[in-house]
Amino acid sequence: MKKSNNDNTKEPLKTDAGEPKPSNQKTEELLRDVSHPDDQFLTTNQGVRINDNNNSLKAGERGPSLLEDFILREKITHFDHERIPERIVHARGSAAHGVFRVYESMSKYTKAGFLTDTSRETPVFVRFSTVAGSKGSSDLARDVRGFAVKFYTEEGIFDLVGNNIPVFFIQDAMKFPDLVHAVKPEQNHEMPQAASAHDTFWDFISLMPESMHMIMWAMSDRALPRSLRMMEGFGVHTFRLINDKGEAVFVKFHWKPLLGVHSVCWDEAQKISGKDSDFHRRDLWENIEKGNFPEWEFGLQIIPEADEHKYPFDLLDPTKLVPEELVPVQRIGKMTLNRNPENFFAETEQVAFHPGHIVPGIDFTNDPLLEGRLFSYTDTQLSRLGSPNFHEIPINRSIAPVHNNQRDGHMRQTINAGGTNYHPNSIGGGCPFQAKMADGGFVSYTEKIDAVKVRNRSESFRDHFSQATLFFHSQSPAEQQHIVDAFSFELGKLERPYIRERMVGVLTQVDKTLATKVAANLGIPVPNGPERPMNLGVSADDKGNHEPVSAKPVIEKSPALSMANTVKDTIKTRKIAILATNGVSGSSLNTMKATLQNEGAAVKVISQKLGSIQTEEGGAIPVDGSFLTEASVVYDAVFVAGGKKSLSALAGDPDALHFVNEAYRHCKAIGTEKEGSDFLNATYIGNKASQSKAPDPGVLIGMNPKDFVSAIAQHRFWEREMARKVPA
Ligand code: HDE
């Protein structure tokens, strides 16, 4: 990104070596200001150097403050206006800068420079978000995640404003305010925050069968990512790519994380929300700071125009995906996030995405949800950022030059010189000129339209269940169980039993077993079918029958939809806790730590208190965290280091036992040395109830450290939950 000349974007203080000044600088030095360069004096916004930033101007030391204190008034006025309205949706977000590069030219399909020129490195800014919660809500809410990418291309800004789920709740923009009202905290008491488990959401959903496919995703673990770095991203709508001959293909956009797609479970998510509600933000920030740059491959599903009507679903229907088994995802380039924002507000908060920001070589389709979004995003920036000049905020600026006759408005930054601000003109030499197509001028795809004006829904949008069923049937048994649990939790929270019953009725259309299991958990009989009419979101008496149908699924299962089939060969960036206390075997701890770190994991030694612990060999090992500040839920695996004294002390410590029991409940890999079996016997893992079952592949005793690495790479041993009931 280019930097503006504005003073506020100046580099932070640097030492002679160019490093940021260490924060442990002596207080005395800070006070004397000895090493501060001239331009780091504290000033007013008008550039006047401030002599006293601690005391307001008063009539006498004990007297009233004076109105003339322009320094105080400027400081406080600015502070009073520091907040802007948070986004109406996607308020909670975390972002990073990076780059994108295409592997091979896609010129066959598109003329977009960033997809054809393999020598280009296109800067990007990516903002991840939850949807429903406020700006300060927990990262681990059960929710869809926004995945919005701003490409600063040489031909202008392209925003791919997608989600981590490939479909959406509704088919038509007309329903969006209703959906958002229903999921947000209820209007009378503003509860619950960042949660869909309440009556208004399920009241709406149970009357909107078109949401059923998305609801299956939202009730799956996809809504509880382990990390923003381990999520897929999807453009959701079908777009068009246009080549330089003007030929078009349909396209679905994908982001595939190189670390795989991984999630936590619901019990864990709820606890992380308490232990570290910034869990995802911290994870993204820390890994970028450490140089563990998150990477995604950019994928395209290309569908020739001739195949527009080939499938039993409509490509314009945003509640449908195109199964990867029918149209493979071609991985055409890579995005790497390599720089954290310097200022949260200036960048992450002020960034303004818009699905209507496209460049030559890309175009829209008539997806009625996308069409509505094309209006909404400029409109929302006007009230959120407060001016039609939001494109001039540094984070939103195009790197392609901007010339036009738009002028003035709140907070205009550009100083337009010259006498003309209209087109055509001769006084200004005709500038700025219109660009011919050959000069890169944007020309909309010449789609033929011959239609009657209607307010109605296409008949081809009526199948609301087949892909919901496909999703459910494509999940592993553990993933299916998590979906049953999620429905049971969410519906269990409702105050009105009739909404619960109505919803289970709709679920019978997705899968009978699913409906039966949820009904059993709710203690209600399974209805024979849904209440009719089912589709109050579309049906209107004079518009014909809009009751949903369930088409025959185009395939029975799509392995690509299950996270069980994701990347499981790396422990890079995984967080591993090593539990130890005085008397630990230094060689056990250090060997394991070195092995894990060599594989790219982040390892922390956790003990009863901070400081250091004595090894049985007579050395000392620094402690990174204590049971007071750390929790198993923010780790991926636990190793209990050897050393008899340490093991027996931990076996008598309820915090250590809880740490391991909880990690076990959340199906994580747990390892210890041979001599650690006594410790495990003190935990739930070693107790009789657990031993009577088959051995657990995720609990390793006296193993080769490499085997522990392979176990952690599995992410979780979800089958553990199926085999035995595990306490928290
Ligand atoms: Fe958005 N959406 N949306 N949305 N959306 C916004 O724009 C809207 C939809 C998505 O990190 C808002 O700048 C309408 C689908 C993301 O800044 C707002 C409709 C998808 C973000 C808005 C949709 C998205 C937003 C709020 C239905 C996935 C966060 C603040 C017609 C493909 C971007 C803002 C960021 C943000 C409207 C549906 C994704 C109000 C009207 C479908 C990732 O303009």
Side-chain angles (χ1 to χ4, degrees), residues 98-110 112-118 120-122 124 126 128 144-151 153 158-168 217 222 225 227-243 248-262 293-304 307 311 313 315 318 320-337 355 358-359 361-363 365 367 370 467 470-471 474 555 558-563 565-568:
V99 291
F100 172 78
R101 192 190 280 264
V102 70
Y103 296 143
E104 269 177 52
S105 173
M106 289 289 114
S107 57
K108 186 175 163 202
Y109 302 117
T110 177
F114 76 107
L115 296 178
T116 54
D117 183 352
T118 53
R120 272 199 211 179
E121 207 171 58
T122 302
V124 297
V126 181
F128 304 103
V144 184
R145 298 302 186 284
F147 192 132
V149 182
K150 189 175 281 294
F151 293 86
T153 88
F158 169 53
D159 286 341
L160 185 54
V161 199
N163 279 342
N164 75 330
I165 291 181
V167 291
F168 202 64
W217 285 78
R222 294 271 182 160
S227 161
L228 301 170
R229 304 173 293 117
M230 299 172 195
M231 305 191 309
E232 286 184 299
F234 303 91
V236 175
H237 314 281
T238 303
F239 287 84
R240 280 192 171 89
L241 293 180
I242 322 283
N243 67 16
V249 287
F250 292 110
V251 65
K252 290 271 190 192
F253 294 117
H254 294 250
W255 292 109
K256 299 279 189 188
L258 294 192
L259 292 176
V261 195
H262 303 285
F293 299 145
E295 294 173 313
W296 285 263
E297 284 185 312
F298 192 41
L300 306 182
Q301 279 180 301
I302 305 272
I303 300 132
D307 289 353
Y311 304 104
F313 49 86
L315 290 176
K320 303 296 180 300
L321 51 80
V322 180
E324 292 186 28
E325 291 73 15
L326 296 187
V327 180
V329 176
Q330 305 176 34
R331 297 179 178 222
I332 64 148
K334 193 165 79 177
M335 174 169 78
T336 307
L337 298 185
I358 54 170
V359 289
I362 299 174
D363 213 332
T365 60
D367 172 340
L370 174 59
Q467 290 207 350
L470 171 68
F471 179 77
S474 303
I555 47 173
S558 166
L561 301 181
S562 166
M563 289 190 286
N565 304 319
T566 190
V567 178
K568 288 185 178 170

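- What you find for D367 and P318 is that their closest heavy atoms are OD2-CB, 3.4 Å.
- The CD1 atom of I165 sits 8.0 Å away from atom CZ of R222, with the distance rounded to the nearest 0.5 Å.
- With ring centers used as reference points, F128 lies under 6.0 Å from W296.
- Annotation: F147 is not in aromatic contact with F234 [ring centroid separation under 6.0 Å not met].
- Considering NZ of K334 and CG of L258, their distance stands at 6.0 Å, rounded to 0.5 Å.
- Under the 4.5 Å side-chain criterion, counting only non-hydrogen atoms from C-beta, D363 is not in contact with F239.
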For this session: Evaluate the side-chain contact (heavy atoms from CB on, under 4.5 Å) criterion for residues V322 and I303: first the C-alpha distance (whole Å), next the side-chain angles of each, then the deciding distance (0.1 Å), finally the verdict.
Result: CA-CA 10 Å; V322 180; I303 300 132; 4.2 Å; yes
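- Using a 4.5 Å heavy-atom cutoff, the side chains of V144 and W217 are not in contact.
- When every heavy atom of N164 is checked against every heavy atom of P225, the shortest pair comes out as ND2-CG, 4.1 Å.
- Between L470 and P323, some side-chain heavy-atom pair lies under the 4.5 Å cut-off.
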Exercise. Going through the distances and angles, do V249 and R240 end up as a side-chain contact (heavy atoms from CB on, under 4.5 Å)?
Worked result: CA-CA 6 Å; V249 287; R240 280 192 171 89; over 6 Å; no
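- Considering only heavy atoms from C-beta on, R145 stays 4.5 Å or farther from N163 through its side chain.
- Contact detail for Q467 and K320: the closest heavy-atom pair is OE1-CA, 3.3 Å.
- From T153, atom OG1 reaches atom CD1 of I358 across 11.5 Å, with rounding to the nearest 0.5 Å.
- Residues F298 and W255 bring their aromatic ring centres within 6.0 Å.
- Here L326 contributes atom CG and S558 contributes atom OG; the two are 8.0 Å apart, rounded to the nearest 0.5 Å.
- Shown here for V149 and M335, the closest heavy-atom pair between the two residues is CG1-SD, 4.0 Å.
- Minimum heavy-atom separation, V161 to P355: CG2-N, 3.6 Å.
- Atoms CD1 and CD1, from I332 and I302 in turn, are 7.5 Å apart once rounded to the nearest 0.5 Å.
- V167 is not listed as a side-chain neighbour of V236, based on a closest heavy-atom distance of 4.5 Å or more.
- Salt bridge status for R229 with E295: absent, with no side-chain N to carboxylate O gap under 4.0 Å.
- Using the six-membered ring where Trp is involved, F100 and F151 have ring planes that are perpendicular, over 60° apart on the 30 and 60° scheme.
- Side-chain polar atoms of H254 and E232 form no donor-acceptor pair below 3.5 angstrom.
- Looking at R101 and E121, a side-chain N of the basic residue comes within less than 4.0 Å of a carboxylate O on the acidic one, giving a salt bridge.
- We find that E324 and K256 are joined by a salt bridge, their nearest charged nitrogen and carboxylate oxygen being less than 4.0 Å apart.
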Exercise. Where do Y311 and V327 land on the side-chain contact (heavy atoms from CB on, under 4.5 Å) test, with the steps shown first?
Worked result: CA-CA 11 Å; Y311 304 104; V327 180; 3.3 Å; yes
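- In terms of heavy atoms, I242 sits closest to A248 at CD1-CB, 3.8 Å.
- Taking NE2 of H237 as the reference point, atom CG of L315 lies at 13.5 Å (rounded to 0.5 Å).
- Judged by distance alone, with hydrogens and angles left aside, the side-chain atoms of T365 form a donor-acceptor pair with the main-chain N or O of T238 at under 3.5 Å.
- Between V251 and Y109, every side-chain heavy-atom pair lies at or beyond the 4.5 Å cut-off.
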For this session: Could you walk me through whether N243 and T110 pass the side-chain contact (heavy atoms from CB on, under 4.5 Å) test, one step at a time?
Result: CA-CA 4 Å; N243 67 16; T110 177; 5.8 Å; no
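- Between F114 and I362, the closest side-chain pair of non-hydrogen atoms falls below 4.5 Å.
- For E325, the CD atom sits in a packed shell: over 12 heavy atoms of surrounding residues, nucleotides or ligands are nearer than 6.0 Å.
- You'll find the side chain of H262 reaches within 4.5 Å of the side chain of T566, heavy atoms only.
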